[in-house]
Amino acid sequence: MTIKLTPANLFAGRKKALQNANELFDDAKILFDTGRYARTFFLIQIATEELGKYGIMATSSISALHGSLDWKRFWQRFRDHKNKTEHLLLLEDLNQFISKKQKDLLNIEENRKYSSLQENVKMKSLYCDIIDGSEDFILPSQIISRKLCETALQLLENRIGLVTSFETEVASKFKLDKLRSEDIERFYDKVGSSKLLKRRTKP
C-alpha cells in the first residue's frame, strides 16, 4: 500500500531533512578530526542526500496540494540515493542560473553521471572491495584521503548554506494553505526558469 501524506505534513518534513543534514555535517567533522576519512566521506554523502530529500519534499508538496502528485513515484524518488543527489544538483543549477552564473541549466545526463559516481565512492567508503580489475582487496581507508574529505566537507558546507538560504528566503514564506497554481507559475516566470525547470523535471 502506497503511503499518502497531507500536503502540510509533506511540506513540514523538509525542515527535518535540513536539520538532519546539519547534524550529519557536525558528525562528519568530528570523524574528520579523528582521522576517520572514509567514514567522514560516507556521512558527507548521506548529508548531501538529505539536502536532496529536502528539495523533493518541498517541490512535491506543491503537486500534492493540487492533487497531481504520483505517490508511488514520489516514494521511489524519496528512497533512491542517486535521485536525491540529482535533485540537489538541480537546486544548485537553478541557483546558478537565477544568479546569472551560468547561461543554462546543466544537462541532466551530467547530473546522473555525477550522482552515480558519488554513490559508487560512498559505497567504497564503507566496504573493502576489488577495484579496477585488481586481484587484491582494498580498504576504504586506502581510497578516501584527507584532501578528498576536506574538499567534500567544504562543498557540503556550501550546499547546506544554499538550501538554508532557500529555506529562509523562499520555503519558510510559503503559505501552503493559500498557495495557488498561478502563484507557482508566477514565481517560475519571475526567476526566468519556467520552461527550463519543466524540461529538467520531466520523468
Side-chain angles (χ1 to χ4, degrees), residues 1-28 43-99 105 108 111-112 115 118-119 156-203:
M1 181 178 177
T2 301
I3 300 173
K4 296 182 180 181
L5 306 173
T6 65
N9 282 345
L10 179 57
F11 190 60
R14 79 192 192 282
K15 290 184 177 181
K16 291 187 177 178
L18 179 55
Q19 179 181 340
N20 196 35
N22 274 287
E23 292 176 4
L24 286 164
F25 178 54
D26 290 340
D27 292 342
L43 289 187
I44 289 170
Q45 181 56 22
I46 295 299
T48 299
E49 293 172 16
E50 285 293 272
L51 295 176
K53 189 185 291 182
Y54 170 98
I56 290 173
M57 287 191 282
T59 56
S60 295
S61 61
I62 307 302
S63 298
L65 181 65
H66 296 101
S68 61
L69 181 62
D70 181 338
W71 282 101
K72 183 177 180 179
R73 182 170 181 270
F74 166 80
W75 288 115
Q76 288 174 341
R77 295 168 62 214
F78 188 83
R79 296 189 172 108
D80 185 302
H81 301 294
K82 289 186 287 186
N83 191 278
K84 286 180 280 192
T85 301
E86 286 178 36
H87 207 90
L88 175 61
L89 294 175
L90 173 60
L91 290 178
E92 286 185 323
D93 288 351
L94 183 58
N95 178 66
Q96 292 290 312
F97 178 76
I98 292 172
S99 61
L105 295 175
I108 192 170
N111 285 351
R112 285 177 176 165
S115 299
Q118 287 294 96
E119 179 64 15
L156 176 58
E157 185 173 15
N158 293 342
R159 285 171 165 169
I160 288 176
L162 169 63
V163 176
T164 300
S165 177
F166 179 85
E167 169 63 27
T168 303
E169 298 175 17
V170 181
S172 64
K173 297 178 182 179
F174 273 7
K175 303 300 180 184
L176 201 64
D177 58 333
K178 299 179 181 179
L179 205 59
R180 301 170 301 167
S181 299
E182 310 90 85
D183 298 325
I184 300 301
E185 290 299 324
R186 190 177 301 112
F187 171 74
Y188 288 159
D189 288 337
K190 182 178 179 180
V191 300
S193 63
S194 184
K195 292 181 180 179
L196 289 168
L197 188 60
K198 289 177 182 177
R199 185 187 72 198
R200 282 292 303 280
T201 53
K202 285 181 180 179

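Both backbone and side-chain heavy atoms feed into the values below; hydrogens, waters and symmetry mates do not.
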Testing the basics here: between Gln45 and Thr85, what is the closest heavy-atom pair and its distance to 0.1 Å? NE2-OG1, 3.0 Å
Can you run down the salt bridge (Lys or Arg N to Asp or Glu O under 4.0 Å) pairs that involve residues 160-173, sequence neighbours left out, and say none if there aren't any? Arg14-Glu167
By salt bridge (Lys or Arg N to Asp or Glu O under 4.0 Å) - contacts of Lys84 (at least two apart): none
Qualifying residues under ring-ring contact (aromatic ring centres under 6.0 Å, His included), relative to Phe11, sequence neighbours excluded: none
Shortest non-hydrogen contact from Ile44 toward Ala28: CG1-CB, 4.1 Å
Once rounded to the nearest 0.5 Å, what's the spacing between atom NZ of Lys82 and atom CG of Leu89? 13.0 Å
List the residues meeting ring-ring contact (aromatic ring centres under 6.0 Å, His included) with Phe78, not counting sequence neighbours, and say none if there are none. Phe74, Trp75
Quick one: list whatever passes side chain to side chain donor-acceptor pair (under 3.5 Å) with Thr6, sequence neighbours left out. Asn9
Between CD1 on residue Ile46 and CG on residue Leu156, distance to nearest 0.5 Å: 11.5 Å
Return each pair, listed once, that meets salt bridge (Lys or Arg N to Asp or Glu O under 4.0 Å) where at least one residue sits in residues 54-67; pairs must be two or more places apart or across chains. none
Any chance you could measure Leu51, atom CG, to Phe25, atom CZ, to the nearest 0.5 Å? 10.5 Å
Between atom CG of Leu162 and atom CG of Leu88, what is the distance when rounded to the nearest 0.5 Å? 7.0 Å
Between Thr2 and Trp71, which heavy-atom pair has the shortest distance, and what is it? CG2-CB, 3.6 Å
Residues two or more places apart in sequence or in another chain: which of them pass side chain to side chain donor-acceptor pair (under 3.5 Å) with Asn158? Gln154
Which salt bridge (Lys or Arg N to Asp or Glu O under 4.0 Å) pairs, counting each pair once, include a residue from residues 51-72, with sequence neighbours left out? Glu50-Lys53
Below 4.5 Å, heavy atoms only, C-beta onward: do Arg77 and Glu86 meet side chain to side chain? no
Considering non-hydrogen atoms only, spot the tightest contact between Leu10 and Ala64 and give its length. CD2-CB, 4.2 Å
Kindly say whether Ser165 contributes a backbone atom to a donor-acceptor pair with the side chain of Thr168 at under 3.5 angstrom? no
Taking side chain to side chain donor-acceptor pair (under 3.5 Å) as the definition, give me every residue that meets it alongside Glu23, ordered by chain and number, with sequence neighbours left out. Gln19
Atom pair OG1 (Thr164) and CG (Leu18), whose distance is rounded to the nearest 0.5 Å: 4.5 Å
If you round to the nearest 0.5 Å, how far is NZ of Lys15 from OH of Tyr54? 9.0 Å
